[in-house]
Amino acid sequence: MAQYDFRQVERRWQERWQHDGTFTAADAPDARKKYYTLVMLPYPSGDLHVGHAKNYTLGDAVSRMSRMLGYDVINPMGWDAFGLPAENAAIQRGVDPASWTRANIDNMRRQVRLMGTSYDSTREIATCDPEYYRWNQWLFLRLYERGLAYKRQAPVNWCPQDQTVLANEQVIDGTCWRCGHAVERRNLSQWFLKITDFADRLLADLDGLPGWPERTKTAQRNWIGRSEGVQFSLAVEGADVHIAVFTTRVDTIFGVTFLAVAPEHPAVTAIKAIVSSERAAQIDAFAQSLSSKSELERTSLMEKQGLFTGAFAIHPLSHERIPIWVTNYVLADYGTGAVMGVPAHDQRDFEFAHKHGLAVAQTIAPQGAEIDGPLDAAFLDDGHLIASDDFTGMSSARAREGIAERLMAMGVGSKTVNYKLRDWLVSRQRYWGTPIPIVYCERDGEVPVPDDQLPVLLPPDVPITGEGSPLARDPAFVNTTCPKCGGPARRESDTMDTFFESSWYYLRYLDPHNDRAPWAADKAARWMNVDQYIGGAEHAVLHLLYSRFFYKFFHDRGWVTGRDEPFERLFHQGMLLRNGAKMSKSSANVIGIDETAETNGVDAMRLFLLYATPPEDTMEWSDEGISGRVRMINRIWRACEPHLENNLSQAIPLRELPPMADAREQALIRAVHVAAKSAIDETASRRFHYNATIAKFDEYVNALTALTRERPDSAAVRYAARALPLTIAPFAPHIAEELWSRMGHAGSVHLERYLEVDDRALAQDEITLVVQVNGKVRARMALPTGTGQIEALAAALAHAGLRQHLEGKEVRKQIFIPDKLLNLVVG
RNA sequence: GGGAUGGUGGUGGAACAGGCAGACACAGCAGACUUAAAAUCUGCAGCUCGAAAGGGCGUCCGGGUUCGACCCCCGGCCAUCCCACCA
């Protein structure tokens with residue numbers, strides 16, 4: 001008996017699939033329904049580990065399964081190749097980011113193939129290719145034309161030690177991830193994308209995505225943060241300025257005892273002009289002390305601080321004088337940058353008022369109750385209004401309407417919707433990204449690079465030191481001529497956030513070599529939308545929100561048709577841990593693909609990754625666990641081996657069930673169809689709990705192994721052996737292909753139709769009827785399928801084991817579930 | 001503080017629709033084969049009382065609904081993740 005040589009077999013079929021283009025998707029449609037499976041494209045960091053493998057194995061199984069179920073499948077793959085790690089490698093090791101990235105892509109492509117991934121390699125893309133980022137720039141210009149890309153001054157995270165800007169995710173508890181130095185805020189001129197224009201659609205259309213996890217939709221809803229309220233303004237006493245505030249609780253307006261503004265608020269300048277010079281100096285000092293503090297520090301870590309400006313605002317309804325304070329906890333860029341302070345009905349305001357000795361005026365009382373003494377915390381619920389002029393006595397809900405109308409009639413207020421979502425900052429002072437295609441001319445100002453001059457190429461050989469923007473220091477890149485007037489001009493030296501590339505890559509896969517457009521509309525119409533998207537939950541509000549924004553823009557421009565959502569169904573993978581930590585080089589807990597494939601084989605690795613937990617769960621890697629799947633592969637081989645080359649003439653068509661000689665053969669045939677049914681159901685339901693499917697295959701293989709020993713030539717055994725490569729193909733593709741081929745088939749098993757589940761095979765002649773007495777299981781009886789209640793009761797009464805539970809008692813009630821259960825209530 | 005998800009043997013997990021709890025596997029124990037080991041095969045295995053037959057308990061805890069609850073409802077505990085001075 002020859003040992004199964006997985007190394008040789010796996011390598012041979014991987015080369016064959018690549019050579020034959022087995023998984024190439026044709027652009028010409030056929031009679032089948034299209035199916036677009038997509039996994040989030042990886043960053044080429046160097047080496048794939050089994051954590052990556054967990055993600056790609058699921059996508060690959062879904063893709064292969066869908067193809068075998070009769071869909072016209074497209075399953076592309078690419079590289080999210082721009083980003084900071086390449087620059088860090090450049091700084092630390094002096095390598096060129098481009099060469100470093102290319103080498104990583106080459107290595108990881110090898111590893112993706114080593115995993116036996118069934119992706120269409122003719123559609124592979126790398127976002128750092130000029131042929132790709134050219135279209136980034138083109139899309140940026142289309143956004144620019146519509147006013148959706150714009151430049152403005154904005155505060156960013158800045159590390160004074162490393163002399164560089166940091167992304168939000170690189171700020172760990174207010175410090176720089178690399179050097180640990182406290183991060184500051186700096187005002188820099190930055191490019192933004194106006195995602196806020198789409199806030200209402202991005203929110204509303206979540207309701208039309210039943211194929212998305214609820215938690216992801218909730219996360220996006222929270223992030224967009226829509227709130228309805230009223231905006232109104234208060235005049236500043238003695239100055240010609242008004243301060244607008246936004247509130248969701250306008251019913252508490254008579255409880256306002258102070259006005260809190262952000263130190264950056266524009267009205268602060270006017271206020272400084274009307275107060276004493278000492279006050280003005282104090283305000284400046286207060287603003288200065290906060291200017292470099294990060295938002296996290298100001299809002300979450302620091303105590304509530306404030307300074308009375310010396311100025312007053314006039315309450316629009318009561319005409320009382322309201323002291324104006326500058327505070328650390330009011331954010332300049334949410335709402336209007338100013339808040340009405342209602343200590344009695346807002347906990348933040350309550351704490352602030354207590355600390356600074358401000359008045360607390362209760363204007364809402366619990367429904368049906370009166371106030372009983374001073375508050376020891378803000379009263380946040382709705383109720384009825386007290387001490388509120390002619391609104392006194394109204395319910396909160398009615399007062400919100402009435403007060404809003406009064407303010408509108410007075411011309412000082414309006415109903416408003418506010419969003420937490422802010423415009424997307426896409427500028428990065430980094431080298432390894434897409435250059436922003438804008439030049440600055442002394443005469444013409446900000447000028448977009450014309451389409452026919454794209455791409456603006458990223459220059460090679462730029463020194464990267466980790467200090468400041470590398471492109472800004474490259475005169476050959478920065479100095480250019482104005483496309484409009486031909487005069488001297490300066491190129492934008494910022495590059496784009498890498499999330500720009502990943503917001504539309506799924507469209508480029510559909511037309512990867514197009515040099516006239518990012519994609520052709522007919523290709524998009526052929527394949528979009530993505531039927532099943534698979535990736536980590538960490539992108540719930542980043543990539544997945546940006547992509548929806550882009551797709552809506554594309555849809556509005558008519559570049560894509562159908563619905564304006566890119567991803568029909570979304571599935572979040574669980575993480576893979578080892579020793580309780582996420583696999584990473586820094587944790588030194590990485591299990592590499594190459595080593596695992598070499599020692600255990602790729603099929604065993606794939607089976608283990610699918611088998612160990614449901615795919616959405618966090619998984620702990622286990623060196624022992626994979627050995628069980630190695631055994632399974634070997635059992636599959638031994639079970640099928642007697643049915644290889646010699647038995648070709650005895651091939652049994654899989655659609656024809658062999659006659660079943662006895663209960664054991666029936667059980668074997670049943671195991672075949674139970675496993676196949678599980679694979680089909682888990683795919684169709686999009687639950688993808690292939691862990692349960694593979695357990696069914698264990699039972700199938702165990703039954704086959706046992707019966708093969710006794711009667712290797714029975715029709716049932718031959719049928720079950722020949723069905724095995726076909727049914728296990730999506731999960732263990734290499735051994736399946738090898739067995740299929742050795743059984744005499746010419747084509748690839750992966751292009752075959754999956755086994756059709758036959759109800760006759762699933763049916764059983766005999767079932768186990770559970771007999772309960774007063775709800776407790778007291779006996780199990782083997783009975784013919786379809787036994788009626790009367791016969792079942794008779795059998796139960798005759799059952800020796802039940803006598804002690806029934807003797808001398810009256811059966812008062814029977815519950816009978818056919819072929820399952822008989823519950824006798826006695827007393 | 002708010003929200004989401006979850007809590008089942010020594011371990012990973014199964015039970016898809018309220019109907020046999022613990023499938024399948026890992027680790028373990030015993031046996032067969034072997035000079036021996038590996039590999040392979042067979043058997044045992046929730047806890048507990050009992051020699052056995054058989055009984056009692058058992059899906060985080062406490063209640064409830066039901067003939068019957070891992071599953072549904074109420075209250076609590078714990079864990080993980082997300083959001084969090086958003087006015």
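Letters go in sequence order (proteins before strands), and every chain restarts at 1. All heavy atoms count here, side chains included; hydrogens, waters and symmetry mates do not.
- Checking the phosphate oxygens (OP1, OP2) of B:rC82, no side-chain nitrogen or oxygen of A:Thr218 falls inside 4.0 Å.
- No side-chain donor-acceptor contact under 3.5 Å links A:Lys696 to the backbone of A:Ser678.
- Partners of A:Glu620 according to the salt bridge (charged side-chain N to carboxylate O under 4.0 Å, His left out) rule, which considers only residues two or more places apart in sequence or in another chain, do not exist here.
- Between the CG atom of A:Leu822 and the P atom of B:rC67 there is a distance of 16 Å, rounded to whole Å.
- Rounded to a whole Å, the CD atom of A:Glu616 is 14 Å from the C1' atom of B:rC81.
- To the nearest whole angstrom, the two P atoms, one in B:rG22 and one in B:rA27, are 22 Å apart.
- Applying the salt bridge (charged side-chain N to carboxylate O under 4.0 Å, His left out) rule to A:Asp698 yields the partners A:Arg629, A:Arg635; only residues at least two apart in sequence or on another chain are considered.
- Looking only at atom types and distance, the side chain of A:Gln362 has no donor-acceptor partner in the side chain of A:His345 under 3.5 Å away.
- Of the candidate nucleotides B:rA15, B:rG13, B:rA4, B:rG13 has the atom lying nearest to any side-chain atom of A:Pro614.
- Between A:Val541 and A:Thr336, the residue anchored nearer the 5' end of RNA chain B, judged by the nucleotide with its closest heavy atom, is A:Val541.
- Under the side chain to side chain contact (heavy atoms under 4.5 Å, CB included) criterion, A:Ala612 pairs with A:Phe608, A:Met619, sequence neighbours left out.
- Comparing the C1' positions of B:rU8 and B:rC61 gives an interatomic distance of 15 Å, to the nearest angstrom.
- In this structure, A:Lys820 reaches the sugar-phosphate backbone alone: every heavy-atom distance under 4.0 Å involves primed, P, OP1 or OP2 atoms, never a base.
- Of all nucleotides present, none satisfies the Watson-Crick or G-U wobble test against B:rA87 with each distance under 3.5 Å.
- Between A:Trp424 and A:Phe499, the distance from one ring center to the other does not fall under 6.0 angstrom.
- A glycosidic torsion no more than 90° from 0 defines the syn conformation, and B:rG9 adopts it.
- Nucleotide B:rA27: unpaired (no Watson-Crick or G-U wobble partner with both distances less than 3.5 Å).
- Checking B:rU34 for Watson-Crick or G-U wobble geometry (two distances, each under 3.5 Å) identifies no partner in any strand.
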Quick test: give all pairs of protein nitrogen or oxygen and nucleotides 22-27 of chain B nitrogen or oxygen below 3.5 Å, distance rounded to 0.1 Å.
{"unit_1": "B:rA23", "atom_1": "O2'", "unit_2": "A:Glu699", "atom_2": "OE2", "d": "3.2"}
{"unit_1": "B:rC24", "atom_1": "O2'", "unit_2": "A:Tyr611", "atom_2": "OH", "d": "3.1"}
{"unit_1": "B:rC24", "atom_1": "O2'", "unit_2": "A:Asp698", "atom_2": "OD2", "d": "2.6"}
{"unit_1": "B:rC24", "atom_1": "O2", "unit_2": "A:Tyr611", "atom_2": "OH", "d": "2.8"}
{"unit_1": "B:rA25", "atom_1": "OP1", "unit_2": "A:Asn702", "atom_2": "ND2", "d": "2.9"}
{"unit_1": "B:rA25", "atom_1": "O4'", "unit_2": "A:Tyr611", "atom_2": "OH", "d": "2.8"}
{"unit_1": "B:rC26", "atom_1": "OP1", "unit_2": "A:Arg631", "atom_2": "NH1", "d": "2.4"}

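- For the P atoms, the distance linking B:rG7 with B:rC73 amounts to 14 Å, nearest Å.
- With both pairing distances under 3.5 Å, B:rC81 is matched to B:rG3 as a Watson-Crick or G-U wobble pair.
- The interatomic distance linking A:Ile626 (CD1) with B:rG13 (C1') rounds to 17 Å, in whole Å.
- Here, B:rG10 and B:rG2 have their C1' atoms 38 Å apart, quoted to the whole Å.
- As a whole-Å value, the separation of A:Gln220 CD from B:rC82 P is 16 Å.
- The CD-P distance, from A:Glu214 to B:rC83, rounds to 17 Å in whole Å.
- Among the atoms of the strands shown, none is found under 4.0 Å from any heavy atom of A:His345.
- Contact annotation: A:Arg709 reaches the phosphate of B:rU42 (side-chain N/O to OP1 or OP2, under 4.0 Å).
- For A:His689, no side-chain nitrogen or oxygen approaches OP1 or OP2 of B:rA15 to under 4.0 Å.
- The nucleotide B:rG19 finds its pairing partner in B:rC67, both defining distances of the Watson-Crick or G-U wobble pair being shorter than 3.5 Å.
- Remark: B:rG58 base-pairs with no nucleotide; criterion is Watson-Crick or G-U wobble with both hydrogen-bond distances under 3.5 Å.
- Remark: A:Lys677 engages A:Asp681 in a salt bridge (charged side-chain N to carboxylate O under 4.0 Å, His left out) (not counting sequence neighbours).
- Side chain of A:Thr768, nearest nucleotide from B:rC20, B:rA4, B:rC16: B:rC20.
- Spacing between atom CG of A:Leu824 and atom P of B:rC20 amounts to 16 Å, rounded to whole angstrom units.
- Applying the side chain to side chain contact (heavy atoms under 4.5 Å, CB included) test to A:Asn634 and every residue at least two apart in sequence or in another chain returns A:Gln3, A:Tyr4, A:Val630, A:Arg638.
- We find that CD of A:Glu351 is positioned 16 Å from P of B:rA87, with the value rounded to whole Å.
- Under the salt bridge (charged side-chain N to carboxylate O under 4.0 Å, His left out) criterion, A:Lys415 pairs with A:Glu401, not counting sequence neighbours.
- Computed from coordinates, the A:Asp617 CG to B:rA79 C1' distance equals 14 Å when rounded to whole Å.
- Applying the side chain to side chain contact (heavy atoms under 4.5 Å, CB included) test to A:Ala287 and every residue at least two apart in sequence or in another chain returns A:Pro263.
- Between A:Ala359 and A:Ala353, the shortest heavy-atom contact is O-CB, 4.4 Å.
- A heavy-atom distance below 4.0 Å to RNA chain B is reached by these residues of residues 774-786 of chain A, ordered by number: A:Lys776, A:Val777, A:Arg778, A:Arg780.
- Looking only at atom types and distance, the side chain of A:Asn418 has no donor-acceptor partner in the side chain of A:Ser227 under 3.5 Å away.
- For A:Arg638, a side-chain nitrogen or oxygen approaches OP1 or OP2 of B:rC41 to under 4.0 Å.
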